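Keep in mind that this is a model prediction, so the values were computed, not measured. Convention: sequence-line order gives letters A, B, ...; per-chain numbering from 1.
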Number of protein chains: 2
Amino acid sequence: MSRSSSGYHHGDLRRALVEAGSALLEEQPPARISLREVARKAGVSHAAPYHHFGDRGGLLKAVGDECMRDFLDRQEAAAAAAADPAERLVALGAAYVSFADERPHAFALVFDPELCPPDDPSPERAPLIARNEQLLAECVAAWLEYRGRSQEDLEALAAALWGTVHGLAALVGEGQLALEQVGPALRALVRHG
Amino acid sequence: MSRSSSGYHHGDLRRALVEAGSALLEEQPPARISLREVARKAGVSHAAPYHHFGDRGGLLKAVGDECMRDFLDRQEAAAAAAADPAERLVALGAAYVSFADERPHAFALVFDPELCPPDDPSPERAPLIARNEQLLAECVAAWLEYRGRSQEDLEALAAALWGTVHGLAALVGEGQLALEQVGPALRALVRHG
DNA sequence: CCTCCTTCTTGACGGTGTAAAGATTGGGGT
DNA sequence: ACCCCAATCTTTACACCGTCAAGAAGGAGG
């Protein structure tokens, strides 16, 4: 079954393709990844992917889902390891930025509006998005309570923090900003109101 | 000279191609814009662009330069129209975000690390980058003085503000955040330290 | 054992980026 | 005035790509 080295019936081609795509993504931006190259890397014909993913976008989206999972895992692990709510918020942001720094193409794919649309209702993506939103909301809510403030503008504050961290991450991922500049930048932002 | 409708010697093909590319960019993301389609739109053979721009990337970069100019003009106009340094900083950010909202593909192109590398030393791009950095630095410096604070961490604060605004702009441009959420988000960020 | 259904291959089509070679034209030197 | 040249654009060609249609291979259930 899984030990068939003869052409047809690969065993678990879907996973193999996603892994091949993920491997290529470490060295190439999403736009440069071709379906045929992924198929070649997985040792199958160029049309094989079409049965598992409808088209090129489908494959890239599956790879993006994998990246999103990694991205989320990292945020959750960082949040879990923090002591108090303030540290937790910082750890969350640090995980966000360092992911973009270490895997810029994966980060770009996750936020590519063509390949990974933001309002994707698919059963693979939707729970990930929900979990990420919830994680952020929880951390911000805990921090607000920790500081003894009202939860009134929880949503707005969450959006603002998301924007700040996302912007720094994007700039780092695109090479516009060095990772070392992020820490000082955030410290300066806290210092001035 | 410029009125030659017969095939060869277009007159000002370079500009025509950039304009055709810019027009396509209003409806398509950079990745979907093909050299041949741009050439077609300009009424010229598919290999014509190669004499003016080395390759596809060259054309897209030229289009990106044009977008960057628009982007900068908008920021400068917004900054010039503001009364005091505080308003000026807000206006700068608002211009940044609204550009990403109105022309998401242009925004994406300007910050595409493949097509428009961040450390591009080319004579078209370098002055634009410098001008933008200077504009931000000036606005932040003026604001610091306006508030009677030290200019010590000017650079770090500029990076932080850039990150914040860029993040919100990117999220809006990618459809992850609605434009209406940006104002409340920033207000919440100011409210809490 | 035979059949069916899933999975994968082969082959083909149009589109793309790019390079090489050929056509056209405007302008400078005589 | 002419000729030649260099710049500009076209034509042709090639490899690669995404996608679709048809066919082969093999496992699962009768």
Closest nucleotide among D:dC9, C:dG17, D:dG18 to the A:Arg56 side chain:
D:dG18

Might you confirm whether atom CZ of B:Arg32 has over 12 heavy atoms from other residues, nucleotides or ligands at distances under 6.0 Å?
no

Given that B:Leu13 and A:Ile33 both sit by DNA chain D, which one's nearest nucleotide is further toward the 5' end?
B:Leu13

I want to check something: taking the side chain as every heavy atom from C-beta on, are B:Asp153 and A:Pro184 in contact at a cut-off of under 4.5 Å?
no

With a 4.5 Å cut-off on side-chain heavy atoms, are A:Leu186 and A:Leu168 touching?
yes

Please state how far atom CG in B:Leu59 lies from atom C1' in C:dT18, giving the value in whole angstrom units.
14 Å

The correct set of residues in residues 39-51 of chain A placing a heavy atom under 4.0 Å from DNA chain D is A:Arg40, A:His46, A:Ala47, A:Tyr50

Whole angstrom is fine here: how far is it from NE2 in A:His52 over to C1' in D:dT19?
17 Å

Let me know the distance between CG of A:Asp12 and P of C:dT6, rounded to the nearest Å.
18 Å

For the helix from C:dC1-D:dG30 to C:dT30-D:dA1, figure out the bend between the end axes, five pairs an end, and round to 10 degrees.
10°

For the residue pair A:Ser98 and A:Arg74, confirm or rule out a side-chain donor-acceptor distance under 3.5 Å.
yes

Distance-only donor-acceptor test, B:Arg36 side-chain atoms vs C:dG15 base atoms, 3.5 Å
no

